[in-house]
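Only one structure is covered here, and it is reproduced in the block below.
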Amino acid sequence: MAQVVIRNLNKKFDEVHAVKDVNLQINDKEFMVFVGPSGCGKTTTLRMVAGLESITSGEVLINDTVVNELPPMDRDIAMVFQNYALYPHMSVYDNMAFGLKMRKFDKAEIAQRVQEAADILDIGPLLKRKPRQLSGGQRQRVALGRAIVRHPQVFLFDEPLSNLDAKLRVQMRVELKKLHNRLGTTAIYVTHDQVEAMTLGDRVVVMKDGLVQQVGAPLELYNRPANRFVAGFIGSPAMNFLPVTLADTDGSLWAVGPEFRVKPPAAMAGRLRGHTGKAVLLGIRPEDLRVTNGADPADHTFEATVEVTEQLGSEILLDLTAGPAPMVASVEPTVTAKVGDRLRLAFNPDRLHVFDSQTEASI
Amino acid sequence: MIEGAAWRRWVFFYIPLTLFVFVLLFPFYWMLITTFRPDGELYQPWNSPRYQPFWTSNPTLDHIKYLFAETLFSAWLWNTMFIATISTAISLFCGVLAGYALSRLNFPFAGSLGTGIFVTYLVPQTLLFIPLADIIRNFKLGDTPWSLVLTYPTFLIPFCTWLMMGYFKSVPKELEECARIDGASRLQAMLYIIIPVAVPGILSAGIFAFTLSWNEFIYALVFLSSPEQKTVPVGVTSELIRGDVFFWGPLMAAALLGSIPVAMVYSFFVEHYVAGLTGSVKG
């Protein structure tokens, strides 16, 4: 049983305000992912939870106890670092046993726990080796093993997969997920990779410039981004943003761009009324665009010119321009489009996003 | 390696390397050969038909025997060893702790304190020995090994501190953080993780400190006066050069024997030592 609560957490490094008023509740057994570009404060927040960074103001609670002043050793947490931080002079066994030795477990118990963790992670044959004799993936497993032998209340992961090559990263991602399902320990995971965030997290915190932008389940962030930043950060390729003006013509609302106009669905129109006459940003995900088959209503289509085509096999990415606005569309591999072609694109009206161009908040 | 034609490799690599090695090793060869040459050969005029400076036909141990029988060389060796070992131990202990603190603990003025320690290392010994001589006299330590055991750290500690500061900075911070999360206090993390990892750095600091105190001359010359208290460098120069007479055989024998312990220390730790100088730690 462990829940982590973060209240009005702030961190200032001299001039830099790295973490601003973060409020979060991480529930028992939850896998919470912090994601954001570098310098957004996600690692600093994690380090404050770990006790490696002092807290400027605010509170961190683990199981309803304020741990602000508690040294890392007394917080009953385990952390996995990006560079693994294996003790180079110790064998794999000793690396994993170190935390237990420090806590004065007896020898038999230590041996049993290390063996158990080694079995889970499939590193049994490596126990006698030194870290420098291991591959990157093996080191990562040992670092995980060192964390799980302690049976801590909370796991903290600081970009643990960043040093692995792409293929291994995908594989370890799946294993991490399995591991969490099996152990059920509360986990906080920091990454800059939105795919990792989406696939691993029960919930995801998107941060930027020290501020929490949005907290929610992965699909919630994908389907209902709170602002332009979250919309652009989650999803790959990133969402297209088209600057348009909302205009009321003949009683219905139109989004008018430089060389096109489209009609937002009726369900949205109510919310958009208030912004009539103002400039807004239209957000359309590449996967919500397709080449029209003629049956689409003209209100939901517009013309664009193909600039680049990227064949991915399962899909084609088209880099297009609609008027001056660049955009990407992910279309069926059967589409035969050449550079310079004019295409008529249809969008899925139910999946249209609109953002205020001043505040960038979702409308 | 040098790429291209064979002559390029010779001109830019082998020949310069050979010259370099020759220049470096010749003094040692000269020392070695002089040690084993009888006086009769050593004092031949250069135009004598029997003059052969680079080789000896009658090797002898006379000079070494003379050194141990007629001079206090064995006492000097012992003094030097004793003083160098203790002052190295003191300096390493202080240097490791200070280097750790200055590189890892974020306390106010850590940076300027580090620079301050470095500045004390820059004060030349030829100036510092004057006030130190006064202190040594006040404590009545003159002509005892303690005068050197206590004054050598004045330049060894700054030296070790700086070397260790650099080395500790190359040890990933996460190692220590991980240990502290694993349940170690700051002191335990230092003892069990950081210091074992920093062994190559500590060894190279130790070797340097040992060599510096082994070879130290001016303090030993000033603070020690009786022949039986002297260290090798001072003893050799003051007892084997009498007036303007150089006893070349025993001088070279003493130099040779005096450099053997240092050479042994170096070769014993050479692997660690190189790692310590070039050294980063990989987790």
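Because the structure is predicted, anything quoted here is derived from the model rather than measured. Letters A, B, ... are given to chains in the order of the sequence lines, protein chains preceding strands, and every chain is numbered from 1.
Listed by first and then second residue, the ring pair (Phe, Tyr, Trp, His ring centres under 6.0 Å) pairs involving residues 91-111 of chain A are A:Y87-A:F98 (not counting sequence neighbours). For the ring pair (Phe, Tyr, Trp, His ring centres under 6.0 Å) condition, no pair includes a residue of residues 46-83 of chain A, sequence neighbours left out.
By the neighbour-count criterion of 12 heavy atoms within 6.0 Å, atom CZ of B:F20 is sparsely surrounded, having that number or fewer from other residues, nucleotides or ligands. By the neighbour-count criterion of 12 heavy atoms within 6.0 Å, atom CZ of B:F217 is densely surrounded, having more than that number from other residues, nucleotides or ligands. Heavy atoms of other residues, nucleotides or ligands lying less than 6.0 angstrom from OH of B:Y29 number more than 12. Taking a 6.0 Å sphere around CD of A:E109, one finds it holds more than 12 heavy atoms contributed by other residues, nucleotides or ligands. Within a 6.0 Å radius of CZ in B:F28, no more than 12 heavy atoms belonging to other residues, nucleotides or ligands are found. Other residues, nucleotides and ligands place no more than 12 heavy atoms under 6.0 Å from the NZ atom of A:K12.
Residues forming a ring pair (Phe, Tyr, Trp, His ring centres under 6.0 Å) with B:F118 (at least two apart in sequence, or on another chain): B:W162.
A heavy-atom distance below 4.5 Å is found between the side chains of A:P88 and B:L175. Residues B:D182 and A:R146 have side chains in contact (heavy-atom distance under 4.5 Å, counting atoms from C-beta outward). Residues B:I181 and A:L52 form a side-chain contact, since some pair of their non-hydrogen atoms from C-beta on lies under 4.5 Å apart.
Taking 4.5 Å as the heavy-atom cut-off, none of the residues of residues 160-170 of chain A approach chain B.
Using a distance-only test at 3.5 Å, with no hydrogens or angles considered, no donor-acceptor pair links the side chain of B:R180 to the main chain of A:P71. Under the 3.5 Å distance criterion, the side-chain polar atoms of A:H89 are matched with a main-chain donor or acceptor of B:Y192.
Heavy-atom minimum distance, A:A85 versus B:E174: CB-CB, 3.7 Å.
Neither the backbone nor the side chain of A:R75 comes within contact range of chain B; no heavy atoms are under 4.5 Å apart. At a 4.5 Å heavy-atom cutoff, the contact between B:Q188 and chain A is made by side-chain atoms alone.
Rounding to the nearest 0.5 angstrom, the gap separating the SG atom in B:C178 from the CE atom in A:M79 is 8.5 Å.
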